Amino acid sequence: MLVVSIYVEWKLNIKVLFFASCRDLVGTGEREMTLTDGATVTDLISELASEQARFTDMAPSLMVSVNRAYVERDAELQEGDEVAFIPPVSGG
Amino acid sequence: MLVVSIYVEWKLNIKVLFFASCRDLVGTGEREMTLTDGATVTDLISELASEQARFTDMAPSLMVSVNRAYVERDAELQEGDEVAFIPPVSGG
Amino acid sequence: MAADVYKIQDNEIKPDALYNAVLADSNGAVTTFAGVVRDNTKGRGTSYLVYDAYREMAEKKMREIGDEVKDKWEVDCVGILHRVGRLKIGEISVLIAISSPHRKASLEACHYAIDRLKQTVPIWKKEVWTDGGEAWIEGDPSALVSR
Amino acid sequence: MAADVYKIQDNEIKPDALYNAVLADSNGAVTTFAGVVRDNTKGRGTSYLVYDAYREMAEKKMREIGDEVKDKWEVDCVGILHRVGRLKIGEISVLIAISSPHRKASLEACHYAIDRLKQTVPIWKKEVWTDGGEAWIEGDPSALVSR
């Protein structure tokens, strides 16, 4: 018997923004990234940390926004989301 | 026996200022007045009330300053003092 | 050079009239309060206001407020202007600007200064209403208990 | 016509930039807070500052502060400007102006608005010191717990 298994994996494309000290660390202010469907903010952080170990150290102090609203780490990302990593703000 | 009694009465000359509703009541913003030596703010108020009965009604609400500092009613006046009657202030 | 300003004036007060006077390089904050002629008092239409002041004493009491503010907060310069005469709707009657190294001091000091001005500074406001009435407004005499 | 203003801008902010925008005939008070580039931080000489912002989100968060302020106080209009780029000593980095019928509301609301801005609005300051050092300044992360 022939068994053909087809694994279909949805991907989601997002835009990721980095500011201030985080931009300096990552080396860019903006990236397009592709994640697995259902990925959360935590998954995105893991992905970035896998590329750059020092991102792991900075991550706990960062706020994250999705489409310009602050979110928690368990927020699920959607196709086309604009995600931003926001170091402790110091405007004013 | 001849007894000669000489009564010497010192007088003091002051400038009196009136503002706002008090100026309207008195009909002038400034007067020169002559009082008996030792006169207090209370004596000045009595003198003004004797000239104009309605001053008696207004007096309790007035603050008084002598030489541009607020004083109590028992303050003694001195020659050359600038006394002002100050209705409840409403600047700002 | 930043400096204090305490002045009763007849001519128009611009909203930035004190800004440059009070600002020094060591300041990180300037709070400015403008009191403006409103078009009504509790719904009764105001036509215009007339302010009267005991000028010399008013400037002295304004300086005392500035000194008091500097005792209580770490502020640098204090400016207080008050206008007298006839004022139209929208014109500035009083302007207070306070500079400080850090924001909290100038914000709190500015609030305190305008409250204090309304208690101790010999200035009076006459309202002339659109219905033809007019009256000298009197503040709360009890406010003066602590001078 | 008085209107709210929430804007990140590259060019100079004048101290009276928001005054006419926020003032209506029914207002008796306008409180303005200017945050200014100070020449030192805890004694270390500052050469200049660079401000970076997540512009679109910053303007959104500033509007949220304005809405919050209007919920809490009886104020009329709120204006908030924040500058980005390189700023010299004495230049205005942030300007907040709030109008209200009575003074207390605009004074308290203005104090609240600048405190809130420093907690929630995605803007960052880099200090460049006269000794050649430079660093992005980070606020207190705990301030963001309540967003």
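Here is how names work: the chains are called A, B, and so on, in the same order as the sequence lines, proteins then strands, and each is numbered from 1. Computed from a predicted structure; not experimentally measured.
Side-chain contact between B:Ile86 and B:Leu62 is absent, with no heavy atoms from C-beta onward closer than 4.5 Å. Within the 4.5 Å cutoff, side-chain heavy atoms of B:Pro88 are placed close to those of B:Ser61. Here the side chains of C:Ile123 and C:Ile8 are in contact, with some heavy-atom distance below 4.5 Å.
Residues C:Glu138 and C:Trp136 have side chains that never bring a donor and an acceptor to within less than 3.5 angstrom of each other. Residues B:Asn13 and B:Thr34 bring a donor and an acceptor atom of their side chains to less than 3.5 Å of each other.
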List the steps and the verdict of salt bridge (Lys or Arg N to Asp or Glu O under 4.0 Å) for B:Lys15 and B:Glu82. CA-CA 5 Å; B:Lys15 181 161 82 171; B:Glu82 178 179 290; 3.6 Å; yes
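With a 4.5 Å cut-off on non-hydrogen atoms, C:Lys125 touches chain B through its backbone and its side chain both. Neither the backbone nor the side chain of C:Ala58 comes within contact range of chain B; no heavy atom of the residue lies under 4.5 Å from a heavy atom of that chain. Contacts between C:Trp124 and chain B at a heavy-atom distance below 4.5 Å involve backbone atoms as well as side-chain atoms.
Remark: C:Lys104 pairs with C:Glu108 by the salt bridge (Lys or Arg N to Asp or Glu O under 4.0 Å) rule, at least two apart or across chains. In terms of the ring pair (Phe, Tyr, Trp, His ring centres under 6.0 Å) criterion, residue partners of B:Phe55 (sequence neighbours excluded) are, by chain and number, B:Phe85.
Contact record, B:Glu30 with B:Glu32: OE2-OE2, 4.0 Å, taken as the closest heavy-atom pair.
Chain B is approached within less than 4.5 Å, heavy atom to heavy atom, by C:Tyr51, C:Asp52 from residues 28-52 of chain C, ordered by number. Heavy-atom proximity under 4.5 angstrom to chain B picks out C:Ser93, C:Val94 from residues 86-94 of chain C.
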